[in-house]
Amino acid sequence: MSESKDFLRKIVEEDLKSGKYKEITTRFPPEPNGFPHIGHAKSIVINFGIARDYHGHCNLRMDDTNPTKEDTKYVEALKDAVEWLGFDFDNNVYFTSDYFPKLYDYAIELIKMGKAYVDSLTEEEIREYRGTVTQAGKRGKYAERSVEENLDLFQRMKKGEFKDGEHVLRAKIDMSAANMKMRDPLLYRIRHAHHFRAGDEWSIYPMYDFAHCLSDYIEGVSHSICTLEFENNRDIYDWVLDTLGLKTARPYQHEFARLGINHTVMSKRKLLELVQGGQVSGWDDPRLPTIAGYKRKGYTAESILNFCDQIGIAKANSMVDVAQLEFSIRDDLNTKVPRVMCVLDPLKVTIENYEGHEEIDASYYPDDVPKEGSRKLPFSREIYIERDDFMENPPKGYFRLTPEQPVRLKHAYIISCKEIIKDASGNITEIKAKYHPDSKSGSDTSGIKVKSAIHWVSANEAKTVEVRLYDRLFSTEAPEGVEDINPDSLRIIKNALVEPAVITERPDVRFQFERQGYFYADPIDYTDEKPVFNKIVGLKDSWGKKTKTTKSAPRAQAKKVQIDGEVAAMSDHEQTLFDKYTGEFGLNSEVADTLARDEHLSKFYEESLSVLNSPVGLANIVTNEVARELKQMQASELKFDAKQIAGLVKMIDDTTISSKIAKQVFEEMAKTGEDPSQIVEAKGLVQISDPAKILPIIDEIIAKNPDNVAKFKAGNTKLLGFFVGQVLKSTGGKANPKVVNGLVHEKLK
RNA sequence: UGGGGAUUCGCCAAGUGGUAAGGCCCUGGCUUUUGGUGCCAGUAUUCAUAGGUUCGAAUCCUAUAUCCCCAUCCA
């Protein structure tokens, strides 16, 4: 595994290395209110995968805090999904509802600390009082209740003395917080509802923001991984744990981008609509992106796992091309599954010069699949081929059977077309053909060259099967609703003809129907009398692609012009500073602008300038390096001062150090607050400018990299950076880059 | 609009100051009794845009643009 790690694994590794945690614990925390989909699979793979990689644990936990939405049937579906994907939850499912008593105690604690209160505003009032994104909210009068009153009320809420909605428990944080989520979030609501596990014991239920962080803490979770939309909730997560003083190895939340796939929908709401609206046959409809759907369609767990590995984990919202998923399943099945022949749209072929009957021994696997196994393939005078494997007037590049062009019947003989039989309306109903007796597969001495081999079945022995051809559920890339549904997402072929071994031998449940795609014996509707096969995915079809009307003409890639917004005007004071900096000090306008507009920066700059008269050098360091530190902390928190920066710039000015070393020194200063001259001395960072010392190193580098020298001389001038970098590296950054640059240039000319 | 995220090829995605990884898609070629597979080759002078710092910038600084999330007693 030399591949780069995703950002979550990097965090985990750092936390392990720093000793923040001795052991890694993650959790997969779905709410049991819907069937899991492939987005859940991504989360499962992340959480269980990280636990496995770092020898930790992952808890499967049902986040069942809302009794009105959840159901035990979803719990089963969730367990199934995790198991099917090959992860182990030790047969131990955790439930947030098991923590209700503990959660209640924590709430009491918060009330006693004066950090939570019972609010009795109506729902509308609460909404109103919350304010908007631009306007601060305000507290209602109930926020002033005493601890005793709050305690009393909350206990009575629990006892069920109040009606739904009469009171709520709220955290006392900040009604004017810029983060809306922090405006006194609700912790508990009254809900006289039957909980599928807790029964009727509770009449209050905790909210997500209160229950989740504490459940993580209770379970000893170290890394609480969730999706991006919870970023705003992280503040509450931390607030609850911090306020309750829960410190030891407490969990921290990290967010990644949820999975989106084009031509499908992933939200639970939309999925539920499709199921309830009857657009699909149920949660396990093969067109749905649910785990149950993929399973029913014939996807393997491995293919889903591979897919999740391939798409990676990051923080950018993204829409993965469904072609990537299709690749995963093809790639997986290619090496696993027997090849058989099935004719979907039969065209009868009578081989006039063939008498009798034979059975051909045919391997289930092509040469490039290292698996053993074969079946008997009946061959006779009457066969069926695929209707589009014959064309009377073929286009250029058509490889299959035509009046002039013979074709091989896969595993059998070469045939030529003799006669075309049509019905009254001109449709082809049958082909009369002749076969070439010396062309039998494996012992062909006919010398006839054919362009392709087509699949076929023997008319007498073929079995009739139902084939369900699934296509993407939505025709648009980013579907909005039912109006985007692909009318051809399901095509049922009642009378497809398959070779007999598929039914009688049943060598597998998944097959490749040669030249068509991968198919799966439907686990529910398949019977011996009426076999049913689901199309998992088609084979890649470069011929079909060519013949299809060239739909997407190369879209005009007009480079979009970006209209930049206006830059805010400077205040008079800023303008004065700007003029002084550009005029008196000779700074360029960009640097002067940055400095003038930032009070802290300009102050810092002028202070350093009073120590050292090097306006340009100081300005550069202050605008670029000091500014970075100032973004992260207050000016008063800086470990270094203006005088030290002046000292640093002085060393650059008198060429003691290069600007490259200066950055290194600066980083040290920012960390330790040490004097720059001390750092330079302690680390021996004085730069080497003597060509006599540098030249031998350059020679060595050049000798070591003949390939790159050749490339450079061939015109790849980018490589100059490579050579300079190498020299700098081997001198620990001390070589004077300007000198090195000139020298390397000279050497390689 | 206040706050929080994000932006590297058609789609994902590495890269964190020194030669722009990889996969999918696509395009050629070779192999092939699957127009499949496999193999080989091609595909970003450029990292949202504009400036700045530097010998050297996708990476650091400044400004701007665009997209996503937050005003459920959902999670």
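In the text below, chain A, chain B and the rest are named by the order of the sequence lines, each starting its count at 1. Here the structure is a predicted model, which is why all the values come from computation and not from measurement.
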| task | Report yes or no: do A/Asn306 and A/Ser328 form a side-chain donor-acceptor pair below 3.5 Å? | result | no

| query | Will you find, in the side chains of A/Thr96 and A/Asp63, an N or O donor that is under 3.5 Å from an N or O acceptor? | reply | yes

| Checking only heavy atoms, does the side chain of A/Lys718 share a donor-acceptor pair with the base of B/rU46 at less than 3.5 Å? | yes

| said: Ignoring hydrogens and geometry beyond distance, is the side chain of A/Arg515 in donor-acceptor contact with the base of B/rU34 at under 3.5 Å? | reply: no

| query | When we call it a touch if two heavy atoms are under 4.0 Å apart, what does A/Lys315 touch: a base, just sugar-phosphate, or nothing? | reply | sugar-phosphate

| query | Is the shortest distance from a Lys or Arg side-chain nitrogen in A/Arg628 or A/Glu625 to a carboxylate oxygen in the other one below 4.0 Å? | reply | yes

| field | Base B/rU34 paired with A/Gln516 side chain (donor-acceptor, <3.5 Å) | value | no

| Reckon A/Leu720 touches a base, only the sugar-phosphate, or nothing at all at heavy-atom distances under 4.0 Å? | nothing

| field | Side chain A/Asn232 and base B/rG3 donor-acceptor under 3.5 Å | value | yes

| said: Counting the atoms with a prime plus P, OP1 and OP2 as sugar-phosphate, which does A/Leu719 contact under 4.0 Å by heavy atoms, base, sugar-phosphate, or nothing? | reply: base

| message | Categorize A/Asn233 for me: base, sugar-phosphate, or nothing, with a 4.0 angstrom heavy-atom threshold over every strand shown. | response | base

| Whole-angstrom distance between B/rG22 and B/rA65, as gauged at atom C1' | 30 Å

| field | Under 3.5 Å on both distances, the Watson-Crick or G-U partner of B/rU64 | value | B/rA48

| query | Quick one: which of B/rC25, B/rC69, B/rU72 gets closest to the side chain of A/Lys540? | reply | B/rC25

| query | Between B/rU72, B/rA75, B/rG36, which nucleotide has the shortest distance from any of its atoms to the side chain of A/Arg127? | reply | B/rU72

| message | Please confirm whether the ring centroid of A/Tyr605 lies under 6.0 Å from the ring centroid of A/Tyr581. | response | yes

| field | Given B/rG36, B/rC74, B/rC55, the nucleotide with the shortest approach to the side chain of A/Asn66 | value | B/rC74

| query | For the side chain of A/Lys10, counting heavy atoms from C-beta on, which of B/rG15, B/rG2, B/rC74 is nearest? | reply | B/rG15

| request: Kindly confirm whether the side-chain ring of A/Phe722 is stacked on the base of B/rG18, judged by centres under 5.5 Å and planes under 30°. | output: no

| Where does B/rU72 land, syn or anti, once you apply the within-90°-of-0 test for syn? | syn

| Going by modelled atom types, is there a donor-acceptor pair between the base of B/rG52 and the side chain of A/Asn624 at under 3.5 Å? | yes

| said: Taking the ring centre of each residue, are A/Phe154 and A/Tyr188 less than 6.0 Å apart? | reply: yes

| Contact class for A/Lys663 (heavy atom, under 4.0 Å): base, sugar-phosphate, or nothing? | base

| With a 4.0 Å cut-off on heavy atoms, is A/Glu31 in touch with a base, just the backbone sugar-phosphate, or nothing at all? | sugar-phosphate

| remark: Any strand, both distances under 3.5 Å, Watson-Crick or G-U wobble: B/rU19 pairs with none

| query | For the base of B/rG35, is there a side-chain donor-acceptor partner from A/Arg400 under 3.5 Å away? | reply | yes

| said: Under 4.0 Å, heavy atoms only, any strand: does A/Ile126 hit a base, just the sugar-phosphate, or nothing? | reply: base

| request: Compare the ring of A/Trp543 with the six-membered ring in the base of B/rG35 and state whether they stack (centres under 5.5 Å, planes under 30°). | output: yes

| query | To the side chain of A/Arg130, which of B/rC11, B/rC73, B/rA14 is closest? | reply | B/rC73

| query | Can you tell me how far the OH atom of A/Tyr74 sits from the CG atom of A/Asn33, to the nearest 0.5 Å? | reply | 7.5 Å

| field | Donor-acceptor pair present, A/Ser659 side chain and B/rU54 base, under 3.5 Å | value | no

| Closest to the A/Glu123 side chain: B/rA6, B/rC73, B/rC68? | B/rC73

| remark: Considering only heavy side-chain atoms of A/Lys410, the closest of B/rU64, B/rU33, B/rU19 is B/rU33

| said: Tell me whether the side-chain N or O atoms of A/Asp593 pair up with the base of B/rU62 as donor and acceptor below 3.5 Å, since no angle test is needed here. | reply: no

| field | Out of B/rU34, B/rC61, B/rA75, whichever nucleotide has its closest atom nearest the side chain of A/Pro366 | value | B/rU34

| Inter-nucleotide P distance (B/rU7, B/rC39), Å rounded | 32 Å

| note | Which of B/rU64, B/rG35, B/rG36 is nearest the side chain of A/Asp564? It is B/rU64

| A/Arg27 and A/His212: side-chain donor and acceptor closer than 3.5 Å? | yes

| Of the nucleotides B/rG17, B/rG23, B/rC74, which one has an atom closest to the side chain of A/Arg189? | B/rC74

| field | Polar pair under 3.5 Å, donor/acceptor by atom type, side chain A/Gln324, base B/rG23 | value | yes

